[in-house]
Amino acid sequence: MKLVVYLYLSMIVLGVQAWPTVKRSFELYPGAAMPYNEHRISDCMHVTSEAGDFIFKKSAPSPAASPLAGLNFNPNADLLELGNEELEAAAVAAAAAAAAATAVTAETVCGLYVIGEPDTIVEITMKHYDVNCETGGLMAFVDGWELNGEYFPAVKDHHRVLEDRVYEFCNNNKQWPRYSNKKFFRSSQNAALLQYRIPGRGSFVANVRFHKITQPCNVLVQDTAAVYKMSNFGHARNCTLSALFPAAISLGNLRIGSKSVRAQDKVNYDCHLLEDRLEIGGSAGLDTSSMELASSVCGASAELGPEQAIYCGVTSVRLVSTGRYQNQAAVIVRKSDEHDLDIATLMCAL
């Protein structure tokens, strides 16, 4: 018995002595405890570059107004005393209003548009969602952004087909046994979209995080003045940099094409016939596959090149690479204004 008591007391003493050491080991990592940020979604198009939980909740719609609402009559009087024309007009007006409200509610698609730093990808975890399939509710994760039926990155600039970039889901309350509704998604670039259509009541909680990557390709610009490095890293692929505003573009540290192309005295701004090139242009929407070209650049130069202004809704720089050469360029982007008209190389139709 004495031996058991001694061993028990020894364990307590050793535990007390060991605790400060364990505690100090956690103090070596002050950033281990991530701050908790909570954001409420109030706009149909909510754009963010912040991490944290994004919460949306929609209550059940209020009951539709009576077809007789707005008519001035004595509630104690017999309804039959009202004229048939008044009743018909009230019923038609109420039915039309209810149909219009239902149509708008049922078809309205909103979105949480997430954009990170150029060298990051977006991670979205659905911690909870109450979106009923039976009432027409639907959610979708989009690898990239979608707006008015157009996508960034464009279909030909992405390594995944469009069907694999869009994942739809909702709650099937009739399904048994019920499965956990927690879902996990990651984008292929610094932009991702969570779409939702909730006709009736519903809610969701989406956690957003960002992760660093070493070889970014497609980049959606969020700064109105910044420097971006574009490179194919030896791969055969297209990489597009897009700014959602008219921009002035200049290039530096340029090295695109074969050795013979790079050996030329000057940078070539007319390389549209070459397989490896840097395209500068613009478009009215997100889809850059049919953008109007201002110039196609190739060659080599360590100096900063001249600026050219692109007056389009979306300004884009696309690096087209066969994979046979290590292509790279530093792209300087700033928002253009009326003072840049003298350096404009492209003006898109409004």
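You'll find the side chain of W145 reaches within 4.5 Å of the side chain of L286, heavy atoms only. In this structure the side chain of N268 never reaches within 4.5 angstrom of the side chain of K266, judged on heavy atoms. Considering only heavy atoms from C-beta on, E275 comes within 4.5 Å of R324 through its side chain. The side-chain heavy atoms of Y325 and R255, taken from C-beta on, include no pair separated by under 4.5 Å. A heavy-atom distance below 4.5 Å is found between the side chains of Y311 and L341. Proximity of C217 to Q189: side-chain heavy atoms (C-beta onward) are nowhere separated by under 4.5 Å.
To the nearest 0.5 angstrom, M230 atom CE is 10.0 Å from L251 atom CG. The CD atom of E123 sits 3.5 Å away from the NE2 atom of H211 when rounded to the nearest 0.5 Å. One distance of note links CG of D337 with NE2 of H339; it measures 5.0 Å at 0.5 Å rounding. Separation of atoms CD1 (I121) and CZ (F185) is listed at 14.5 Å; rounding is to 0.5 Å.
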Evaluation steps, salt bridge (Lys or Arg N to Asp or Glu O under 4.0 Å), between K57 and D130:
CA-CA 9 Å; K57 185 175 182 180; D130 178 17; over 6 Å; no
Passes side chain to side chain contact (heavy atoms under 4.5 Å, CB included), L278 versus R318? Steps please.
CA-CA 6 Å; L278 188 73; R318 177 187 290 117; over 6 Å; no
Could you walk me through whether E117 and K212 pass salt bridge (Lys or Arg N to Asp or Glu O under 4.0 Å), step by step?
CA-CA 9 Å; E117 294 297 322; K212 291 282 187 179; over 6 Å; no
Does the pair M45 and Y113 meet the rule for a side chain to side chain contact (heavy atoms under 4.5 Å, CB included), with working shown?
CA-CA 7 Å; M45 183 177 180; Y113 290 79; 3.6 Å; yes
Step by step, would you call V131 with F56 a side chain to side chain contact (heavy atoms under 4.5 Å, CB included)?
CA-CA 11 Å; V131 180; F56 175 83; over 6 Å; no
The test is salt bridge (Lys or Arg N to Asp or Glu O under 4.0 Å); show your working for E163 and R165 and say whether it passes.
CA-CA 6 Å; E163 290 75 14; R165 293 172 56 188; over 6 Å; no
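With a 6.0 Å radius and a threshold of 12 heavy atoms from other residues, nucleotides or ligands, D342 has its CG atom above the threshold. Remark: D164 CG is packed, more than 12 non-hydrogen atoms of other residues, nucleotides or ligands lying under 6.0 Å away.
In this structure, a donor-acceptor pair under 3.5 Å is present between the side chains of T322 and D276. Side chains of Q308 and S295: a donor on one and an acceptor on the other come within 3.5 Å. Between H39 and N37, the side chains place no donor N or O within less than 3.5 Å of an acceptor N or O (distance only, hydrogens not considered).
Residues V166 and A140 come closest through the heavy atom pair CG1-CB, 4.3 Å. In plain terms, the two heavy atoms of D53 and N207 that are nearest each other are OD1-ND2, 2.7 Å.
Aromatic pair F54/F204: ring centres not closer than 6.0 Å.
For residues 222-247, the set of pairs meeting the ring pair (Phe, Tyr, Trp, His ring centres under 6.0 Å) definition, not counting sequence neighbours, is empty.
Screening T315, T224, L241 against V333 for a side-chain contact (heavy atoms from CB on, under 4.5 Å) leaves a single residue, L241.
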